[in-house]
Asks: 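Mind looking over this structure? Questions follow.
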Amino acid sequence: MADGEGTTGDGGLVATAVALTVATGAMDAISFLALGGVFTSVMTANLSLLGISAGAQDPERARDAAVAVAGFVAGALLSARIVRGERPARRARWALGAEVLALGGLWAGWATAGGHPGQGAQSALLAVAALAMGGQSGLVRAVGPPGMSTTYLTGTLTGLLVDMARDGRVRWASAALLAALVVGAALGALLVTHAARAAPALPAGLVALVLLASFTAPGVRGLKWASSEGR
């Protein structure tokens, strides 16, 4: 598929979204367990933590939540800026490449700390991780089908449940994304616990594979997902 043309097959779309969602789950597990007990993709939770930490007078938790929110906002704005303009598929690859660079930098910093970063390094790595997840969120929002997300999935879960209760229809793609988040979080937690030095390799590697597939796989090439939805 040439830049900005054609459509993405459902199989390629779902596989791409699942891979990115597994990366999200892994990154959230890493940040929650080793980078301050906050999330890199769930900003509603972090905003709640800001309020909780204010009421509980917990400045360290407030700082970590604020760092995550600020990093996510910066990443989403940067990604939206990158994909804006002509040749959106090419620009989508640039945004995805920026996420790979951010996750690669995170992995390098994490490995330098031996998989157990100190307090100062934790804040810096948390900011980079949230930047990457914000970038992914902004990218999928800009070029994906309406309502699709690979980072915040409360709406995905709600839609799945409403459709099941209303007309008995199961959105299997939505179910796959929810399962992918759980699997990614489980794998991230296992790596942090048993192979800490290699933990960020999972999200970095998955996003890199998606970027590579955008050049080579017919079902993913171009990342112009929205074209199949009439946007």
Asks: Are V162 and W172 in one and the same hydrophobic cluster, where Ile, Leu, Val, Met, Phe, Trp and Tyr link if side-chain heavy atoms are under 4.5 Å apart?
Replies: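 In one cluster with V162: W172, no.
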Asks: Just verifying a value: how many Å separate I30 CD1 and T40 OG1, rounded to the nearest 0.5 Å?
Replies: 8.5 Å
Asks: Quick one: pull up CE in M133 and OG1 in T151 and give me the separation to the nearest 0.5 Å.
Replies: 8.0 Å
Asks: Decide whether L20 and L13 are clustered together by the hydrophobic rule: side chain heavy atoms of Ile, Leu, Val, Met, Phe, Trp, Tyr closer than 4.5 Å, transitively.
Replies: yes
Asks: Look up atom CD1 in I82 and atom CG in L139, then write down how far apart they are to the nearest 0.5 Å.
Replies: 9.0 Å
Asks: So which heavy atom on L125 is nearest to which on P117, and how close?
Replies: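 Scanning both residues, the minimum pair turns out to be CD1-CB, 3.8 Å.
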Asks: Can you hop from L181 to L209 via hydrophobic side chains spaced under 4.5 Å?
Replies: no
Asks: Do S79 side-chain atoms and A76 backbone N/O form a donor-acceptor pair below 3.5 Å?
Replies: no
Asks: Enumerate the residue pairs fulfilling salt bridge (Lys or Arg N to Asp or Glu O under 4.0 Å) with a member in residues 150-164, sequence neighbours excluded, ordered by first and then second residue.
Replies: D163-R166, D163-R169, D163-R171
Asks: Quick check: closest heavy atoms across V143 and A92, and the distance to 0.1 Å?
Replies: CG1-CB, 4.3 Å
Asks: Can you check whether T154's main-chain N or O pairs, donor with acceptor, with T158's side chain at less than 3.5 Å?
Replies: yes
Asks: Is any side-chain heavy atom of L47 less than 4.5 Å from a side-chain heavy atom of V69?
Replies: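 Yes, at least one pair of side-chain atoms sits under 4.5 Å.
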Asks: With a 4.5 Å heavy-atom cut-off, do N46 and F72 have their side chains touching?
Replies: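 N46 vs F72: side chains apart.
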Asks: Between the main-chain N or O of T150 and the side-chain N or O of T24, is there a donor-acceptor pair closer than 3.5 Å?
Replies: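 Yes, T24 side chain to T150 backbone: donor-acceptor pair under 3.5 Å.
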Asks: Taking the side chain as every heavy atom from C-beta outward, state whether V73 and L77 have any atom pair closer than 4.5 Å.
Replies: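 Yes. Closest side-chain heavy atoms under 4.5 Å.
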Asks: Which heavy atom of T21 sits nearest to which heavy atom of L177, and what is that distance?
Replies: CG2-O, 3.3 Å
Asks: Near Q119 CD, under 6.0 Å, is it more than 12 heavy atoms from other residues, nucleotides or ligands?
Replies: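 Enclosed.
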Asks: Determine, stepwise, if the pair L206 / L202 fulfils side chain to side chain contact (heavy atoms under 4.5 Å, CB included).
Replies: CA-CA 6 Å; L206 285 170; L202 177 58; 3.8 Å; yes
Asks: Side chain of W107, backbone of P203: donor and acceptor closer than 3.5 Å?
Replies: no
Asks: So how far is it from R197 CZ to T112 OG1, rounded to the nearest 0.5 Å?
Replies: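 Output value for this atom pair is 8.5 Å.
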Asks: Please report the closest heavy-atom contact between A102 and A132, naming both atoms and the distance.
Replies: CB-CB, 4.0 Å
Asks: Is it the case that one hydrophobic cluster holds both L101 and L126, taking links as side-chain heavy atoms less than 4.5 Å apart, direct or via other members?
Replies: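 No; tracing contacts between hydrophobic side chains, which count when under 4.5 Å, never links both residues.
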Asks: Between R93 and L211, what is the shortest heavy-atom contact and its length?
Replies: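 Scanning both residues, the minimum pair turns out to be O-CD1, 3.7 Å.
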Asks: For a quick test of reading the model, state the closest non-hydrogen atom pair linking L50 to S53 and the distance between them.
Replies: O-OG, 2.9 Å
Asks: Nearest 0.5 Å, what's the CG-CG distance between D64 and L49?
Replies: 9.5 Å
Asks: Starting at CZ of F39, measure out to OG1 of T44 and round the result to the nearest 0.5 Å.
Replies: 9.5 Å
Asks: Just by distance, do the side chain of S41 and the backbone of Y152 share a donor-acceptor pair under 3.5 Å?
Replies: no
Asks: In terms of hydrophobic clustering (I, L, V, M, F, W, Y; side-chain heavy atoms under 4.5 Å; direct or indirect links), are L131 and V210 co-clustered?
Replies: no
Asks: Just do the side chain to side chain contact (heavy atoms under 4.5 Å, CB included) check on I52 and R61 with the steps written out, would you?
Replies: CA-CA 9 Å; I52 292 169; R61 182 61 56 85; over 6 Å; no
Asks: Any side-chain heavy atom of W110 within less than 4.5 Å of one from L35?
Replies: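 Yes, at least one pair of side-chain atoms sits under 4.5 Å.
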